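First comes the structure, then the notes that go with it.
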Amino acid sequence: MDQDKFTNIYRLPTAIQIRIGKWQQTFNGTSDLVMHQAIETRNMQYKKRDYLPTGWCVKLFDKDDISITNHGKYIQTALRTMVDRKVAYKRIYLSRLPLEQAEPALNAFKQEWIGKHNHVARKYNQIKKKQFLRLAMDELDTLYPALEKAEFDRVLWNKLVQAELGNPKKFDNPYFVKKATV
């Protein structure tokens with residue numbers, strides 16, 4: 001069983017160590033009983049509310065951390081489309097709207113988008129974390145690695161966007177922003 005690799009668990013010559021971010025714990029011995037105890041302890045860390053497994057979950061955006069850049073002829077902010085979460089930019093050309101009006105309008109647009117994105121992301125993270133924990137519990141039962149590296153689940157995300165926010169056809173932009181139009 002020495003060749004088996006568990007997520008966040010490392011085999012040392014005389015011990016088994018768990019490392020999750022800055023937190024770590026070491027167990028003396030390398031037997032299956034010690035491995036079982038290490039997996040059990042690791043899973044307790046996984047169950048903590050603030051733990052989001054890398055690759056499995058989507059990061060939430062902070063409403064206070066909005067970046068609007070000025071490019072002379074236009075101002076812009078980076079965001080993601082609701083369908084498929086592709087990176088995109090929302091621009092306001094200063095020839096259409098003066099900077100004093102454009103910046104608050106773009107800020108309001110991004111605030112609304114962040115609210116909608118985070119709403120869908122919380123549901124997505126909840127579902128993905130349940131799947132992650134189910135696989136982690138399988139490892140505890142079988143003592144065989146079951147957690148694989150996850151990628152963004154586009155199908156699940158799009159299904160949640162449709163369920164939570166409605167049909168994409170009822171919005172006139174790919175960001176699903178309705179109230180704060182620019």
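Keep in mind that this is a model prediction, so the values were computed, not measured. Both backbone and side-chain heavy atoms feed into the values below; hydrogens, waters and symmetry mates do not.
- Considering SG of C57 and CZ of R122, their distance stands at 13.0 Å, rounded to 0.5 Å.
- Considering every non-hydrogen atom in both G72 and L94, the closest pair reads O-CD1, 3.3 Å.
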For residues 147-156, which side-chain donor-acceptor pairs fall under 3.5 Å, sequence neighbours excluded?
residue, atom, partner, partner atom, Å
D153, OD1, V155, N, 3.4
D153, OD1, L156, N, 3.2

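- Cation-pi geometry between R19 and Y10 is satisfied (NZ or CZ under 6.0 Å from the ring centre, within 45° of the ring normal).
- Judged by distance alone, the side chain of D84 and the main-chain N or O of K86 form no donor-acceptor pair under 3.5 Å.
- Using a 4.5 Å heavy-atom cutoff, the side chains of N158 and M82 are not in contact.
- In this structure, K90 forms a cation-pi arrangement with F109, its terminal cationic atom sitting closer than 6.0 Å to the ring centre and no more than 45° off the ring axis.
- Distance CD/Q126 to CD/Q131: 11.5 Å, rounded to 0.5 Å.
- Remark: the H71 side chain and the R91 side chain contain no N/O donor-acceptor pair separated by less than 3.5 Å.
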Please tabulate, one pair per line, all N/O donor-acceptor pairs under 3.5 Å involving side-chain atoms of residues 47-56, not counting sequence neighbours.
residue, atom, partner, partner atom, Å
K48, NZ, Q45, OE1, 3.4

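- Hydrophobic cluster membership for V87: Y89 (Ile, Leu, Val, Met, Phe, Trp, Tyr linked by side-chain heavy atoms under 4.5 Å, directly or transitively).
- Here Y124 contributes atom OH and W157 contributes atom CH2; the two are 8.0 Å apart, rounded to the nearest 0.5 Å.
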Q: Any chance you could lay out the side-chain contact (heavy atoms from CB on, under 4.5 Å) test for I66 and F61, step after step, and finish with the verdict?
A: CA-CA 9 Å; I66 295 177; F61 287 94; over 6 Å; no
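- Sorted by first then second residue, the ring-ring contact (aromatic ring centres under 6.0 Å, His included) pairs that include residues 22-45, not counting sequence neighbours, number zero.
- The line from CD1 of I18 to CG of N8 is 8.5 Å long, rounded to the nearest 0.5 Å.
- V120 and L60 are not part of a single hydrophobic cluster, where members link through side-chain heavy atoms under 4.5 Å apart.
- Hydrophobic clustering, with ILVMFWY side chains joined whenever heavy atoms are under 4.5 angstrom apart, groups L143 together with L133.
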Show me the side-chain donor-acceptor pairs of residues 97-107 shorter than 3.5 Å, one per line, residues at least two apart or across chains.
none

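- To the nearest 0.5 Å, atom CG of residue L165 and atom NE2 of residue H119 are 6.5 Å apart.
- Considering only heavy atoms from C-beta on, Q17 stays 4.5 Å or farther from Q25 through its side chain.
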Q: Could you walk me through whether E139 and R42 pass salt bridge (charged side-chain N to carboxylate O under 4.0 Å, His left out), step by step?
A: CA-CA 11 Å; E139 285 186 350; R42 179 203 63 180; 2.6 Å; yes
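- Environment of NZ in K123: sparse, with no more than 12 heavy atoms of neighbouring residues, nucleotides or ligands closer than 6.0 Å.
- Hydrophobic cluster membership differs between I9 and L12, with clusters built from Ile, Leu, Val, Met, Phe, Trp and Tyr side chains linked at under 4.5 angstrom.
- Going from atom CZ of R80 over to atom CH2 of W113 covers 7.5 Å, rounded to the nearest 0.5 Å.
- Side-chain contact annotation: T77 with K110, donor-acceptor N/O pair under 3.5 Å present.
- In this structure, the side chain of N167 does not engage the main chain of K170 through any donor-acceptor pair within 3.5 Å.
- Counting non-hydrogen atoms of neighbouring residues, nucleotides and ligands closer than 6.0 angstrom, the NZ atom of K178 exceeds 12 such neighbours.
- Side-chain atoms of K159 and Q162 include no donor-acceptor pair closer than 3.5 Å.
- For the pair A136 and N43, the tightest heavy-atom approach, listed with the atom from each and the gap, is O-ND2, 3.1 Å.
- Residue Y93 is found in a hydrophobic cluster whose other members, listed by chain and number, are Y74; membership requires side-chain heavy atoms under 4.5 Å apart, directly or through intermediates.
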